[in-house]
Amino acid sequence: MPHPANPNILILGGTTEANALARALVARGLNATYSYAGRVETPRPQPLPTRIGGFGGVEGLSAYIRDKAVTHVIDATHPFAAQMSRNAVAACAQTGTALAALVRPPWQARAGDRWQHVADIAGAVGALAGPAKRVFLAVGRLHLDEFAAQPQHRYLLRLVDEPQHIPLPDADVVVARGPFSLEDDIALMTQHEIQLVVSKNAGGSGARAKIDAARELGLPALMIDRPVLPAREECATPDQVLDWLAHSGVNLGV
Ligand code: 3Y8
Ligand code: NAP
């Protein structure tokens with residue numbers, strides 16, 4: 001399908017970089033829609049028309065692309081949003097729609113970092129076997145149940161919304177959404193006498209404060225590596241996405 005000079009772009013969002021891309025598209029007057037899964041109660045408002053909720057699997061996304069005559073899909077979801085990314089690859093192949101992913105490079109350990117890499121959430125749970133510690137479990141809400149296998153620890157949980165149920169017997173909860181600051185995370189981790197940080201390798205700037213705070217405080221971290229995703233065009237910055245759009249025939253209006 002030829003790409004019209006005036007595109008109809010779908011951003012699969014939910015990250016700091018997706019929000020920067022949304023602003024860049026608005027600045028160029030490009031026609032785009034921002035998409036949230038609807039995971040949290042009050043997602044950050046966007047300067048674009050916004051849809052909230054799943055599409056209904058690959059078929060649902062393909063139908064959405066056809067119904068809305070989407071010309072380009074930008075998968076700017078979090079690196080751990082693996083199902084959405086897989087569905088985007090399949091639906092764009094099915095419908096012959098241009099797809100690029102906006103992917104932040106993974107964090108790399110630096111001098112002073114004391115990281116133990118684990119392959120996935122289950123690996124982090126397994127690595128928590130052993131005597132009770134004070135653990136900053138900053139991986140959100142969706143996988144908390146899996147950590148119930150290690151109830152011996154005193155957990156500090158940071159969640160976007162007030163939780164309905166906490167599957168851990170000894171947990172403090174902080175309700176906060178990022179981006180977070182180094183100063184605040186050092187203060188939080190000192191106040192709670194944290195001995196170990198558990199983190200996804202999210203990349204980007206919005207979640208890395210706790211990792212830098214761990215280094216400053218000389219604390220170890222369990223670093224959860226990213227899920228493997230199917231091959232697709234990848235951009236590391238919003239500007240690279242704009243270049244990709246320009247190369248696919250979009251007039252960037254500047
Ligand atoms: C709904 C939409 C911005 C973008 C904010 C980024 C940065 C701050 C850091 C910690 C780690 C965590 C979590 C986190 C971060 C940014 C970015 C990022 C981690 C919002 C948002 C939505 C979500 C969903 C939420 C998950 C959860 C994960 C909290 C908006 C605020 C832990 C990931 O309660 C729930 O169901 C929460 C679910 C998926 C992971 C989980 O398993 O619980 N993100 N986060 C999106 C949707 O509906 O489509 O309101 O902005 C977005 C952001 N969260 O600049 O404003 O870009 O990564 N999000 C992780 O990295 O481990 C917090 O506490 O240190
Ligand atoms: P996921 O497990 O990969 O996706 C599960 C299902 O949620 C998808 O199949 C899709 O439902 C729906 N979905 C996911 N992202 C969507 C989006 N942007 N727009 C519309 N539907 C979406 O996803 P997740 O890990 O739960 O992440 C959900 C959202 O939170 C994403 O926007 C992601 O960027 C954001 N986020 C996630 C994390 C994380 O740690 N996972 C961290 C920060 C932000 P259908 O199959 O019905 O289409």
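Whatever order the structure lists ligands and atoms in, that order sets their numbers, starting from 1. Index from 1, following the sequence.
In the vicinity of Gly56, heavy-atom distances shorter than 4.0 Å reach the ligand 2 atoms 45 (P), 47 (O), 48 (O). Of all the atoms in ligand 1, the ones that sit under 4.0 Å from a non-hydrogen atom of Phe180 are 10 (C), 64 (O), 65 (O). For ligand 2, the atoms lying closer than 4.0 Å to a non-hydrogen atom of Gly54 are 11 (O), 21 (N), 45 (P), 47 (O), 48 (O). The Ala207 neighbourhood of ligand 1 comprises atoms 9 (C), with distances under 4.0 Å to a heavy atom of that residue. Under a 4.0 Å criterion applied to the non-hydrogen atoms of Asn87, ligand 2 contributes the atoms 9 (O), 46 (O). Counting the atoms of ligand 1 from 1 in the order shown, those under 4.0 Å from a heavy atom of Gly178 are 8 (C). The contact set between ligand 2 and Ser35, taken as ligand atoms under 4.0 Å from a residue heavy atom, comprises 17 (C), 18 (N), 19 (N), 20 (C). For ligand 1 and His78, the ligand atoms under 4.0 Å from any heavy atom of the residue are 33 (C), 58 (O), 60 (C), 61 (O). Heavy-atom proximity to Val160, at under 4.0 Å, picks out these atoms of ligand 1: 29 (C). Contact atoms of ligand 1 toward Thr15: 4 (C), 57 (O) (distance under 4.0 Å to a heavy atom of the residue). Those atoms of ligand 1 with a heavy atom of Gly14 less than 4.0 angstrom away are 52 (C), 53 (C). Per-residue contacts place Lys200 under 4.0 angstrom from the following atoms of ligand 2 (heavy atoms of the residue considered): 39 (C), 40 (O), 41 (N). Set against the non-hydrogen atoms of Leu142, the atoms of ligand 2 under 4.0 Å away are 26 (O). Near Phe80, meaning under 4.0 Å from one of its heavy atoms, ligand 2 places the atoms 25 (O), 40 (O), 41 (N).
The nearest heavy-atom contact from the protein to atom 37 (C) of ligand 1 is Val40 CG1, 4.1 Å. Looking only at heavy atoms of the protein, atom 27 (C) of ligand 1 is closest to Gly140 CA, 4.4 Å. In this structure, atom 31 (C) of ligand 2 lies nearest to the protein heavy atom Gly13 O, 3.8 Å. Looking from atom 46 (O) of ligand 2 to the surrounding protein, the closest heavy atom is Gly57 N, 3.1 Å. When hydrogens are left out, the protein atom nearest atom 46 (C) of ligand 1 is Tyr36 CD2, 3.8 Å; that is the closest non-hydrogen contact. The single protein non-hydrogen atom nearest to atom 17 (C) of ligand 2 is Ala37 N, 3.5 Å, given as residue, atom name and distance. Ranking protein heavy atoms by distance to atom 48 (O) of ligand 2, first place goes to Phe55 N, 2.7 Å. At the top of the distance list for atom 64 (O) of ligand 1, counting protein heavy atoms only, stands Arg158 NE, 2.8 Å. From the protein, the heavy atom lying nearest to atom 47 (C) of ligand 1 is Ala37 N, 3.3 Å. Taking atom 6 (C) of ligand 2 as the reference point, the nearest protein heavy-atom neighbour is Arg39 NH2, 4.4 Å.
By the criterion of a heavy-atom distance under 4.0 Å, the side chain of Ala202, and not its backbone, is placed next to ligand 1. If you look at Arg177 next to ligand 1, the close heavy atoms, those under 4.0 Å, all belong to the side chain. Proximity of Phe80 to ligand 1, defined as any heavy-atom pair under 4.0 Å, is not found for any part of the residue. For Gln46, no heavy-atom contact with ligand 1 is shorter than 4.0 Å. Looking at Lys210 against ligand 1, only its side chain comes within 4.0 Å, counting heavy atoms.
In terms of polar-atom proximity, defined here as any N/O pair under 3.5 Å, Thr16 does make such a contact with ligand 1. Where the criterion is an N or O separation shorter than 3.5 Å, residue side chain and backbone included, Gly38 meets it with respect to ligand 1. At least one N or O atom of Arg104 sits closer than 3.5 Å to an N or O atom of ligand 1.
Under the 4.5 Å side-chain criterion, counting only non-hydrogen atoms from C-beta, Ser62 is in contact with Val58. At least one side-chain heavy atom of Val250 sits under 4.5 Å from a side-chain heavy atom of Leu252. When side chains are defined from C-beta on, Val103 counts as touching Arg226, because their heavy atoms get closer than 4.5 Å. Thr77 is not listed as a side-chain neighbour of Gln83, based on a closest heavy-atom distance of 4.5 Å or more. Residues Ser35 and Leu10 are in side-chain contact: their nearest non-hydrogen atoms beyond the backbone lie under 4.5 Å apart.
Val173 is linked by a side-chain contact (heavy atoms from CB on, under 4.5 Å) to Leu157, Leu159, Pro163, Ile166, Val175, counting only residues two or more places apart in sequence or in another chain.
In this structure a side-chain-to-backbone donor-acceptor pair under 3.5 Å is present from Asn8 to Lys68.
Residue-ligand proximity: Gly53 is placed with a non-hydrogen atom under 4.0 Å from ligand 2. Contact annotation: Asn19 has at least one heavy atom less than 4.0 Å from an atom of ligand 1. In this structure, Ile52 does not count as a contact residue of ligand 2, since none of its heavy atoms falls inside 4.0 Å of the ligand. In this structure, Ala82 has a heavy atom closer than 4.0 Å to ligand 2. Proximity of Leu61 to ligand 2 is not established, as no heavy-atom distance is less than 4.0 Å. Residue contacts with ligand 2 leave out Arg86, since none of its heavy atoms falls under 4.0 Å from the ligand. Using a 4.0 angstrom heavy-atom cutoff, Pro179 counts as in contact with ligand 1.
The heavy atom nearest to atom 38 (C) of ligand 2, considering only Arg177, His78, Glu59, is found in His78. The option with the heavy atom closest to atom 22 (C) of ligand 2, from among Arg51, Gln83, Met84, Glu17, is Met84. Proximity annotation for atom 56 (O) of ligand 1: of Lys200, Arg44, Arg141, Arg44 comes nearest, heavy atoms only. When the heavy atoms of Leu157, Leu12, Val139, Leu142 are ranked by distance to atom 38 (C) of ligand 1, first place goes to Leu142. For atom 35 (C) of ligand 2, the candidate residues are Gly140, Ala81, Gly14; the nearest heavy-atom contact is made by Gly14.
Nearest heavy atom pair, residue Ala111 against residue Arg215, reads O-CD, 3.4 Å. Here the shortest heavy-atom pairing between Pro79 and Leu229 reads O-CD1, 4.3 Å.
Inside a 4.0 Å radius of atom 11 (C) of ligand 1 there is at least one protein heavy atom.
Looking at Arg110 and Asp113, no side-chain N of the basic residue comes within less than 4.0 Å of a carboxylate O on the acidic one, giving no salt bridge. With salt bridges taken as basic N to acidic carboxylate O contacts below 4.0 Å, none links Lys210 and Asp185.
Taking a 6.0 Å sphere around CD of Gln152, one finds it holds more than 12 heavy atoms contributed by other residues, nucleotides or ligands.
His78 and Phe80 have tilted rings, their planes meeting at an angle from 30° to 60° on a 0 to 90° scale.
Gln240 and Glu234 are not linked by any side-chain donor-acceptor pair at a separation below 3.5 angstrom, with hydrogens and angles left out of the test.
Only one option out of Leu137, Val174, Val135 pairs with Leu156 in a side chain to side chain contact (heavy atoms under 4.5 Å, CB included); it is Val174.
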